[in-house]
Amino acid sequence: MKSFFLALLKSRAGLFGFLLVLVFIAGAILAPYLGLPSPTRSSLTARMVAPTWTSLFSPGAHPLGTDELGRDILSRILYGSRTTLLIAAGAVVLGGVVGTLLGIVAGYYRGMVDRILMRIVDIQLALPLMLLALLVVAAVGASSQNLVVVLALTSWLRYARIIRGQVLALREREFILSAHAIGAGTWRIMIKHLLPNVMTPVLVIATLELARIIIMDAALSFLGLGVQPPSPSWGRMLADGRVYITTAWWIVTFPGLAILLTVLSVNLLGDWLRDYFDPKLRTAR
Amino acid sequence: MTMEKTPQKPLVIADRLCKTYGGGRGFLAGSTPALKAVDNVSFEIYPGETLGLVGESGSGKSTTGRVLLQLEEPTSGDIIFKGQNLTGLSKPLLKPFRRDMQIIFQDPYSSLNPRMTVGEFVGEPLVVHGQGGNRSERNDRVAALFRRVGLDPSFMTRYPHEFSGGQRQRVCIARGIALDPALIVADEPITALDVSIQAQIVNLFQDLQDELGLTYLFIAHDLSMIRYLCHRVAVMLRGRIVEIGPCEAIFENPQHPYTQALLSAIPVPDPKIERERRPIAFDVNANPTPADAVLKPVGERHFVLG
Amino acid sequence: MTPLLDIRNLTVVFDTPAGTVHAVNDVSYTIEEGETLGIVGESGSGKSVHALSMVGLIARPPGRIVSGEVYFKGRDLLKLAPRELYNLRGKEIGFVFQDPMTSLNPVLTIERQIAEPLRRHFNLSKNQARERVVELLELVGIPNARTRIGQYPHEFSGGMRQRVMIAIGISCNPKLLIADEATTALDVTVQAQILDLVRDLKKKIGTTVIWITHDMGVVAGLADTIQVMYGGRIMERGPVDAVFEDPRSAYTWGLLKSLPHGGKRGATRLYQIPGNPPNLIEKPVGDPFAPRNAFATERCKRETPPLLQVEDGVAGHKAAAWYDLRAELKKEREASA
Amino acid sequence: MTRYLLVKLLEAVVAIWGVVTIVFFVSRILGDPTVLLLPVGAGPEEIANLRTALGLDEPLWQQYLYSLLAMVKGDFGISFQHVRPALDVVLERMPATASLAGLALIFGTLIGAIAGAIAALMRGTVAELVVMIAALLGQATPTFWLGIMLILLFSVELGLLPTGGAGGWENYILPGLTLSVFVSASIARLLRSSLLDIMREDYVRTARAKGLMPRTVFFWHIARNALIPVVTMIGIIAGELLGGSVVIETVFAWPGVGRVIVQAIQAQDFPVIQAGVALVAGIFVVVNLLVDLLYGVLDPRIRRG
C-alpha cells in the first residue's frame with residue numbers, strides 16, 4: 001500500500017487525476033455547506049447574469065453566472081455532480097459486480113455457459129450502447145434507479161469479456177490445477193484463487209468505465225432522458241443553455257467543462273492504475 | 001533396494017488410458033480434428049517406487065500425469081488407486097483420494113497463487129480437508145512443513161514474488177506433502193530452474209522419498225536426471241508408451257529405435273565423449289506406430305511396443 | 001594476429017524502478033577468427049546481455065553501457081555511427097535467438113524474413129534473393145524448400161523455425177555468428193540435430209561462433225574454448241578440455257559436480273551448490289560467487305578477483321579466484337581419507 | 001478462410017436477430033401508440049378499432065413472429081407518424097448519417113494514426129507529451145459539448161460556418177470535426193501503446209539484428225503488427241459513431257437516422273424504431289465483418305485457422 005502511494009506521487013499525471021477526483025468528490029459532498037444559493041431557486045431579477053471572477057467571495061454573488069431563470073450555475077454544477085456521481089458510481093458497481101461474476105463463471109466453466117454468454121455479449125455489442133440506453137430509458141422511465149440499471153446494462157459486458165479472457169488464461173495456470181489437485185471446491189477456487197487475481201483488471205476497467213458512464217449519463221440527460229427536473233443535471237443544463245448560445249455563452253460552457261474535467265481526471269487515474277498494475281491491459285480494451 | 005524383488009500390489013495402475021482432445025462438433029465452431037494426446041497407455045507404479053516418464057513436447061507425458069490424478073477426465077480407460085477404480089467418481093467421492101495423491105508442476109512462477117501468502121498456500125490443503133486443527137495448530141504444521149523442505153518458517157507471511165525459482169519450488173513441494181500423500185506426480189519439476197539449483201531440488205525429492213516412503217511419477221525430458229532418480233522408465237512418443245522397463249535395461253539396452261535416438265541425443269558434459277557422439281536419427285513420420293501394436297516383453301519387466 | 005573480436009572492460013547496467021541492475025561487470029575477452037566460443041551461465045549471468053549490448057540490441061533505456069570497448073576487426077563497435085552499425089549487423093555479425101516461437105515475425109512469409117538481410121546488404125533482386133533463400137533452407141535441412149518459402153512461421157514446427165533462424169543468421173556469410181540459447185526451447189532430439197547442423201556448417205563456411213547456453217553438455221562437443229559466467233562476470237575460461245578436466249573456479253567445479261554424469265539411482269546424493277543466485281541490484285562487491293562458495297576466503301568477499309592465467313595449466317586457461325581450488329580439493333580429499 | 005467468414009456471417013445473422021428481438025420487446029413497453037395517434041377524446045371503440053387495424057390486439061408472441069417474418073422480407077411496417085413504410089423513412093436518412101460517420105472515421109483515423117506514431121517514435125519528447133495531452137482531452141470531451149463549443153466559436157462568434165442543418169460541404173465541417181476529434185483521440189492512444197508493446201517483441205530484435213534500416217523495421221515489423229488491434233478498435237469506434245449519431249445529429253440539426261430514431265422513440269413509432277435500430281445494427285455488423293476480413297488479411301494465423 002505504501003509503495004502504491006509512493007508510485008502515485010511519482011507519476012504527475014496519476015497524481016493530478018487522483019487529486020482532481022478527490023476535489024470533485026469533496027465538492028459533491030460539501031455542496032450544501034458552502035453557502036451557495038439553492039440550485040433550484042430562480043430569480044427573475046438575476047436572469048443570465050454573466051460570470052464575474054471578482055464576485056467569487058462575496059455572498060449571494062454568482063461567480064459562474066446565472067441561467068435563463070436566474071439560477072446560480074456554480075451551485076447547479078455542484079448539486080448536479082451529486083446526482084451524476086451517484087448514478088455513475090452505482091452503475092459502475094452494479095455493472096462491475098455482474099460483469100465480473102459472469103466473466104468468472106464463463107471462463108471457469110467454459111463450454112455451453114461460456115458460448116451462450118459470449119453470444120449475448122455479441123448481440124448487445126451489435127446494438128450501439130447509446131441506442132440501447134435510449135430505448136430502455138424511454139421504455140422504463142428516467143428515475144435515478146432506472147438510470148443506474150440502464151447504464152450498468154451498457155457496462156457489464158466490458159467486464160465480462162475481459163475477465164472471462166483473464167480467467168481462461170488463469171485457468172491454465174498451474175496453481176489453479178494445484179487447487180483442483182488438493183480437492184478444493186468450485187466456490188473456493190472462484191473466491192480464493194480466481195477473484196483475487198482478477199481484481200486488478202476489474203479496478204482498472206471500473207475506473208475507465210466510470211468516465212464513459214459519466215459522459216453517457218450526460219448525453220442521456222442532454223436528450224431529455226436523464227434525471228427529471230427540477231433536479232439539476234449537467235446534460236440537461238447543456239441542453240437548456242444551448243438555446244441561449246448567442247446571448248449567454250456561460251450557461252452552456254461551464255457544465256461542459258465540469259464534465260470534461262471529471263472525465264479527464266478519472267481517465268488519468270484509470271490510465272495510471274492500469275500502467276501500475278498491468279501494462280498488458282493497454283491493448284485489451 | 002529389496003522392494004523390487006518382493007511381489008507387492010501396485011499403488012496405482014493406469015489401464016489403457018486414452019485422452020482425446022477436440023473431435024467434437026461445436027456450436028457454430030465446426031468440427032475440429034481429434035488429437036489423441038494419450039493413446040492406450042498402461043502402467044503400474046509400486047509403493048516406494050519412482051517411475052520416470054520421458055518424452056518430448058507433445059508426447060502426452062504431462063497429460064498422462066494429469067489424467068492419472070483425475071485433473072482431466074480420461075476419454076477411456078481406468079485408474080486404479082489402492083485397489084479402487086477412480087474413473088467416473090464424482091468430485092465429492094474423489095475428494096478423500098485427493099489426500100493421497102499430489103502434483104508438483106514445472107513452472108514455479110505460475111504454480112503459486114500470486115495473491116496468497118506462501119504460508120496460506122501451503123496450509124490450504126489442510127483447510128480443504130479439515131485437517132490441522134485450529135489456526136495456530138495449523139500454523140505450527142505449516143511451519144514444520146517449511147522446515148522439512150528447507151525453508152525458513154518466518155517466510156510464511158510473504159508473497160510469492162519475493163522468492164527465487166528454487167524457493168518457490170520448495171513451497172510447492174511443501175504444499176504437495178502437506179497431506180502426507182502416497183503418490184506424487186512431479187511434472188518436470190526441475191526443468192525451469194537454474195542449473196545450480198536443480199541438484200538441490202533433486203536431492204530434496206530423494207530425501208523426502210526416503211523419509212516419507214513416497215511414490216513418484218517423475219515426468220521429465222532430461223534423461224540424465226531420470227537415470228539418476230528412477231527405478232523404472234517409460235518412454236512416450238505421440239501419446240503412446242513405446243518402451244517401459246527398469247532404468248538399467250532402458251539405458252544399457254534400449255530396444256525401440258525412438259528410445260535409442262532419444263538416448264543418443266543427450267549431450268554429455270564431457271568434451272571427449274561429446275565430440276565423438278553421433279546422434280541416431282529417428283523420423284517419427286517415416287515410422288508410424290501401427291495402431292494395433294502392443295507392448296511385448298523383451299526382458300525382465302522390460303517391454304517394447306511393436 | 002589481431003583477434004576477430006576484442007572486448008575490453010564492458011560494463012552494462014539496467015535502470016529499473018527497483019534500482020540499478022548490474023548485468024555485466026567489467027567483462028574482457030577475445031575471440032580468434034574461426035574459433036568457437038561456448039559461453040555458459042545461468043539466468044542473470046550476463047551471458048546474453050553482454051553479447052546483445054555490443055551491437056546495440058538491448059533497449060536503451062532501460063539498458064545503459066557504462067564503459068568498455070568492443071573491437072571487431074579493429075573498429076570499436078560502441079563508437080560506430082548508427083548507419084555503420086546497421087551495415088554491420090546481419091552482414092558481418094549474424095544472430096540466432098533463443099525462442100523460435102517469438103523471434104520470427106508472425107505476419108511475414110519465411111521467404112521475406114530470410115531475404116530481408118540479403119536484399120538489404122547485397123542489393124539482390126527479388127528473384128536472386130529467392131534463389132539464395134531456397135539454397136539456405138536446403139543448407140539448414142528444410143525439405144521442399146521451394147514450396148515452403150511462401151509459408152508463415154506458425155506453419156513450421158519449433159525445430160524447423162530454429163533452422164529458419166539459423167538460415168537468417170548465416171544468410172550473409174557473417175564473420176561472426178552469435179547464438180543465444182539457440183537450442184534451449186527445443187526437444188533433445190531436435191537439439192542434437194541442430195548441433196549437428198552447426199558443426200556441419202562450421203566445416204562448410206568456417207564462421208566464427210559464439211554459442212551462449214546454460215547447458216555444459218551442449219558446449220562440450222561444440223566449442224573450442226569455454227567461458228563460464230556468473231553474476232555478470234567471467235569466472236573461468238580456457239580450452240574446453242582443460243576446463244572440463246581441471247576446473248579452477250569453484251563455480252565451474254560445482255556445476256560440473258552437480259550433474260548426474262550418467263550416475264545410477266541411489267548411488268550417492270548429488271553434489272549441490274548451496275544458496276540462491278545473486279541479487280544484481282546491489283552494487284557488486286568481491287567475487288559474486290563467494291556467498292555460495294565453501295572455499296571462499298575473506299578476501300573473496302571484499303575484493304574482486306581478476307581473471308588470470310592459472311598456475312601449471314594449459315595456455316589460455318584463466319580463472320578468477322583468490323582461493324586455490326586444487327589445493328582446497330586436495331586438502332578435502334586428504335581429510336576424508 | 002471461407003469457413004472463418006461463414007462462421008462470422010452466421011454470428012452476424014444471430015446478432016441482428018438478437019437486436020431485433022430486444023428492440024421489439026423493449027419498444028412494446030414504451031406505451032400504447034394508439035393514444036397518441038388518435039385525437040384527444042376518442043372513444044374506446046375507436047381505440048379498439050385502431051388497435052385491430054395495427055395488429056396490436058393479437059398476442060405479443062404472435063405479433064413478434066409476424067413482424068420477424070415480415071422483417072426478413074424487408075417489411076418493417078408502416079410508420080405511425082409518417083404513414084408510409086418505416087424502412088423508407090429510415091433509409092432516406094441513411095446517406096446523411098453514413099457520410100458523416102464515414103468522413104469522421106477516415107479523417108479521424110488518419111490524424112490519430114499519425115499522432116499515435118509520432119508519440120511512440122518520439123518517446124520522452126515534447127511531441128509525445130503534446131500528442132498525449134491532446135488525445136486525453138479529446139477522449140474526455142463529450143462530443144455534444146464540443147459540438148456546441150465549436151458552434152459558439154465558428155458560427156456565433158466568427159460567423160464563418162452554419163450552425164447546423166444539411167446542405168453544402170460547409171455543413172460537414174463542424175460535425176465532421178467534432179466526431180473526428182473523438183475518433184483520432186482513441187486511435188492515437190491505442191496505436192501508441194500498441195506500437196510500444198510491439199517494439200519489445202523478440203521478432204523486432206531479430207529484424208534489427210539483420211541490420212535493417214530503422215524505417216524498414218518500423219513499417220514492416222512494428223507498424224504491421226501494431227495495426228491489428230487498431231483494426232479491431234476501428235470496428236468498435238464505428239459502432240460508437242453510429243450510436244453517437246443520436247446525440248450529435250441533435251446538436252447540429254443533422255437530418256440523419258439518429259434524429260429519426262429519437263423522434264420515433266418520443267412518438268412511440270414502433271415500426272420506425274424497429275427499422276432504424278435494425279438498420280444501424282446491420283451496418284455495424286457489416287462494418288465488423290469487414291474488420292474481420294481485414295484482420296484475416298493482416299494476420300495469416302487467422303487466415304488458415
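Residue numbers begin at 1 in each chain, while the letters A, B, ... track the order of the sequences. Side chains included, hydrogens not; waters and symmetry mates left out as well; all remaining heavy atoms used.
- Neither the backbone nor the side chain of C:Glu92 comes within less than 4.5 Å of any heavy atom of chain D.
- Within 6.0 Å of the CE atom in D:Met213, the count of heavy atoms belonging to other residues, nucleotides or ligands exceeds 12.
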If you apply the rule side chain to side chain contact (heavy atoms under 4.5 Å, CB included), what do you find for C:Leu108 with D:Trp220, and how did you get there? CA-CA 8 Å; C:Leu108 299 181; D:Trp220 282 94; 3.9 Å; yes

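- Other residues, nucleotides and ligands contribute only 12 or fewer heavy atoms inside 6.0 Å of the CZ atom of D:Phe107.
- Checked against ring-ring contact (aromatic ring centres under 6.0 Å, His included), D:Tyr172 has the following partners two or more places apart in sequence or in another chain: D:Trp254.
- Listed here is the closest heavy atom pair of C:Asp99 and D:Asp202: CB-OD2, 4.5 Å.
- Not a single donor-acceptor pair under 3.5 Å links the side chain of C:Arg120 to the backbone N or O of D:Lys210.
- Only the side chain of C:Arg83 comes within less than 4.5 Å of a heavy atom of chain D; its backbone N, CA, C and O stay farther away.
- For C:Ile168, the part lying under 4.5 angstrom from a heavy atom of chain D is the side chain only.
- For chain D, the nearby part of C:Ile93 is the backbone; its heavy atoms alone come within less than 4.5 Å.
- Between C:Pro106 and D:Pro300, the shortest heavy-atom distance links the atoms O-CG, 3.2 Å.
- Heavy atoms only, all atoms of each residue included: C:Leu57 and D:Arg208 are closest at CD2-CB, 3.7 Å.
- The line from CG of D:Leu212 to CD of C:Glu116 is 4.5 Å long, rounded to the nearest 0.5 Å.
- Annotation: maximal heavy-atom pairing with chain D below 4.5 Å, among C:Arg119, C:Arg112, C:His121, occurs at C:Arg112.
- In this structure, chain D has a heavy atom under 4.5 Å from the side chain of C:Met165, while its backbone stays farther away.
- Once rounded to the nearest 0.5 Å, the distance linking OG1 of D:Thr206 with CG of C:Asn105 reads 9.0 Å.
- Interatomic distance, CZ of D:Arg205 versus OG1 of C:Thr102, reported as 7.5 Å (0.5 Å rounding).
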